[in-house]
Amino acid sequence: MRIYNTLTGKKEEFVPINPGKVGMYVCGITAYDVCHLGHARSAIVFDAIKRYFRYRGFEVKHVRNITDIDDKIIARAQKENVTTEDIAKKYTDEYSIDMARLGVSKADVEPKATEYIAGMIDVINGLIAKGYAYSANGDVYFRVSRFSEYGKLSKRTLDEMMAGARVEVDEKKENPMDFALWKASKPGEPWWESPWGKGRPGWHIECTAMSTKHLGESFDIHGGGADLIFPHHENEIAQTEAFTGKPFVKYWLHNGFITVDKEKMSKSLGNFFTIKEILDKYDPEIVRYFLLSTHYRSPIEFSDAQLKEAEAAIDRYYTTVLRIEDAIQNTEHRAQSTEQKITEDFGKLISTLKEKFMDAMNDDFNTALALGHIFELIRETNKFLDSKPSGDKAKTLLANVKEALKEVGGVLNIFNRTPDEWYRSLMKIRNIGLSEQDILNKIAQRQEARQKKDWALADNVRKELDALGIILEDKKDSTRWKVRIS
RNA sequence: GGCGGCGUACCCAAGUGGCAAGGGAGAGGUCUGCAAAACCUUUAUCCAGCGGUUCGAAUCCGCUCGCCGCCUCCA
């Protein structure tokens, strides 16, 4: 497996620190507001990465933190006149709901910053003892000039950072680039007792305390959005390596942004869509597919048109599954079968899918390419179905292809429902004012008309349903309904 | 100002040295009572532009243009 490492700026062969095991820490959220699609991207991308590692037999320990104490949480709590715990709890719960709806698996450990204050204080004490940090009026700062490798992740030097500096000069800091490990609490703010007085942790220190606690002082993968490279991850490296004297993380992975009109989707620009808003209009599988159809490091432009395309692609998959199922049912048991050559070729294609899928994923988790391979096989499957396959051999192959598609789709956590479930979900989201039974009644009515060759009546039923977004597909001796994709 | 990234068909998108995946949209066809789905053909002699390296480049190097990101909280 080759993985792009932000630290080295290159794709590198993945060699875990402990053979067969992967320690993985991904920055979660600060619980001060509902999540938008950008948060979904990070979560989904790293969820797919984790699933792929497991698929390949690695034992993965995944840690995803929740920041439940921070300036923004305090500000929000004050504004709403509630406690910071209330705010953090509310948005942590919202986050969990969003993630569950998106099909993002839970991390093995989901630590909250406030539960690790003691550990953070230990680290800060250690840093002060080693001369990497200093206290000033109840604050504690990391002395960046002491850490010679500061800037190695974000690829810039202290001098360069100072040059373009938009940093506020703070009297208490020795150097404007020094960052807070501990902040003295102001009146009315939550606080914890510490050697430096009542205060609360700075943002970066929690990740050091929690990641090393659960994954050890050195671990394999640390991920997050590209906007965390600086200062967050840079600072994590500085404080952790200064403290432990060991390399912190072997592979740093960062996902690209979601853009709207080419601009980064962000809170401050106000050009964001919340996960809830999106899921009101689109099935979660569509969102996952959309986010995985572009390589995780590239920017991805958000638009309705894009989501509709994703919807069409998924529908193509489920439509093919329907065809496969119909064919399996209608294929009679017979040793004698379709042309040898056709079945042989098709059998080969099925067996290469997993290989191609893994090749794609092995190359820095190229989910877009992997999806391409899946759709190539879908086309070939449809072609095979068009050849009107018959016999036991063909039947087996069709069962195999269905299984293979499901297996690789499962790694990305897509294509994991039945076509019926897919259409029911679409029907629900679109608020089509019909029950499934209503539709079946209409189909029966139309079927009767068709038997009498009353084409006008039959077509009217079709039109009626079409107006509601339901389309009918006539098979040999049955009719199936689907939700129209457009 | 510093650092980094991107620019592939009508749209999305993979491809980082050897004849340009995949999806959507369009056109024509096969199939169908009509449809839909599916399949077939078709849409980039070419990968922002210019120059260079090479037997050979979308892929490497240089320059130009355009877009974006980080340098402040940010997935």
Side-chain angles (χ1 to χ4, degrees), chain A residues 6 9 11 26-30 32 35-46 70-72 75 151 154-157 159-168 177 203 223-232 234 254-259 262-269 272 289-290 293-295 297-301 303 305-306 308-316 319-320 322-323 356 360 363 366-387 450 453-456 458-459 462-463 466 471-475 479-482 484-485:
Chain A
T6 307
K11 278 188 202 171
V26 181
C27 288
I29 55 146
T30 298
Y32 78 104
C35 292
H36 60 71
L37 202 57
H39 299 97
R41 182 175 197 192
S42 180
I44 286 171
V45 159
F46 286 102
D70 138 290
D71 291 353
K72 278 181 292 199
S154 54
K155 310 270 188 294
R156 53 198 123 187
T157 65
D159 287 346
E160 286 166 355
M161 289 185 239
M162 300 288 284
R166 275 189 277 168
V167 277
E168 282 174 46
M177 294 310 295
W203 175 32
D227 44 8
L228 296 181
I229 295 171
F230 191 90
H232 186 51
E234 192 70 70
H254 294 96
N255 62 276
F257 303 125
I258 294 183
T259 57
K262 299 268 183 189
E263 277 185 323
K264 178 185 171 185
M265 179 183 287
S266 73
K267 263 290 170 40
S268 45
L269 285 170
F272 60 90
Y289 182 94
F290 164 65
S293 64
T294 297
H295 186 91
R297 283 190 283 116
S298 303
I300 182 166
E301 172 77 10
S303 71
Q306 292 301 329
K308 290 211 168 94
E309 276 194 23
E311 186 173 64
I314 295 169
D315 192 64
R316 182 165 160 80
T319 297
T320 303
L322 277 179
R323 292 192 72 200
K356 285 183 183 164
D363 186 10
N366 196 336
T367 52
L369 180 59
L371 289 170
H373 294 319
I374 289 173
F375 279 96
E376 219 171 337
L377 182 60
I378 284 176
R379 194 189 58 231
E380 291 302 327
T381 301
N382 279 312
K383 214 190 279 192
F384 181 67
L385 289 164
D386 278 358
S387 76
R450 289 181 73 211
K453 298 206 192 284
D454 184 351
W455 307 126
D459 288 350
R462 188 205 288 288
K463 266 185 211 154
D466 187 70
I471 52 173
L472 300 180
E473 287 185 11
D474 293 331
K475 310 268 174 183
T479 297
R480 192 179 272 287
W481 66 271
K482 288 174 37 173
R484 190 180 56 223
I485 303 295

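Order of the sequence lines fixes the chain letters, A, B, ..., with proteins taken first and strands second; residue numbering starts at 1 for each chain.
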Using side-chain hydrogen bond (donor to acceptor under 3.5 Å, both in side chains) as the criterion, list what pairs up with [X], not counting sequence neighbours.
| X | value |
| --- | --- |
| A/Glu376 | none |
| A/Arg379 | none |
| A/Thr30 | none |
| A/Lys11 | A/Asp363 |

- Query: Between A/Asp227 (CG) and B/U72 (C1'), how many Å, whole number?
  - Reply: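 Going from CG in A/Asp227 over to C1' in B/U72 covers 12 Å.
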- Atom CD of A/Glu263 and atom P of B/G66: how far apart are they, to the nearest Å?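 It works out to 17 Å between those atoms.
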Side chain of [X], base of [N]: donor and acceptor closer than 3.5 Å?
| X | N | value |
| --- | --- | --- |
| A/Asp474 | B/C34 | yes |
| A/Asp459 | B/G33 | yes |
| A/Arg41 | B/A75 | no |

Can you check the distance between [N] and [M], where both ends of the measurement are the [atom1] atom (answer in whole Å)?
| N | M | atom1 | value |
| --- | --- | --- | --- |
| B/C11 | B/G26 | P | 15 Å |
| B/C50 | B/U42 | P | 29 Å |
| B/A48 | B/C12 | P | 14 Å |

- Contact check, side chains of A/Phe290 and A/Glu309, non-hydrogen atoms, under 4.5 Å: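 Heavy-atom side-chain distance check fails, nothing below 4.5 Å.
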With heavy atoms under 4.0 Å as the rule, sort [X] into base, sugar-phosphate or nothing.
| X | result |
| --- | --- |
| A/Ile374 | nothing |
| A/Gly28 | sugar-phosphate |
| A/Gly225 | sugar-phosphate |
| A/His254 | nothing |
| A/Arg323 | sugar-phosphate |
| A/Ile258 | base |
| A/Lys155 | sugar-phosphate |

Could you list the protein-to-nucleotides 23-25 of chain B atom pairs, N/O on both sides, closer than 3.5 Å?
residue : atom : partner  : partner atom : Å
B/G23   : OP1  : A/Arg316 : NH2          : 3.4
B/G23   : N2   : A/Glu309 : OE1          : 2.7
B/G23   : N2   : A/Glu309 : OE2          : 3.1

- A/Phe230 side chain, from C-beta outward: closest of B/G33, B/C71, B/C39: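 So the side chain of A/Phe230 is nearest to B/C71.
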- Message: Among B/A38, B/U16, B/G33, which nucleotide has an atom closest to any side-chain atom of A/Asn382?
- Response: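 Nearest listed nucleotide: B/A38.
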Between [X] and [N], is there a side-chain N or O to OP1/OP2 distance below 4.0 Å?
| X | N | value |
| --- | --- | --- |
| A/Lys262 | B/G66 | no |
| A/Lys383 | B/C40 | yes |
| A/Asn366 | B/A14 | no |

- Could you state the interatomic distance from CG (A/Leu37) to CD1 (A/Ile300), rounded to the nearest 0.5 Å?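 One gets 8.5 Å once the value is rounded to the nearest 0.5 Å.
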- Counterpart residues, salt bridge (Lys or Arg N to Asp or Glu O under 4.0 Å), relative to A/Glu311 (two or more places apart):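 With sequence neighbours excluded, A/Glu311 shows a salt bridge (Lys or Arg N to Asp or Glu O under 4.0 Å) to A/Arg430, given in chain and number order.
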- Lys/Arg cation over aromatic A/Tyr32: A/Lys267, 6.0 Å, 45° cone: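 Here A/Lys267 passes the 6.0 Å and 45° test against A/Tyr32.
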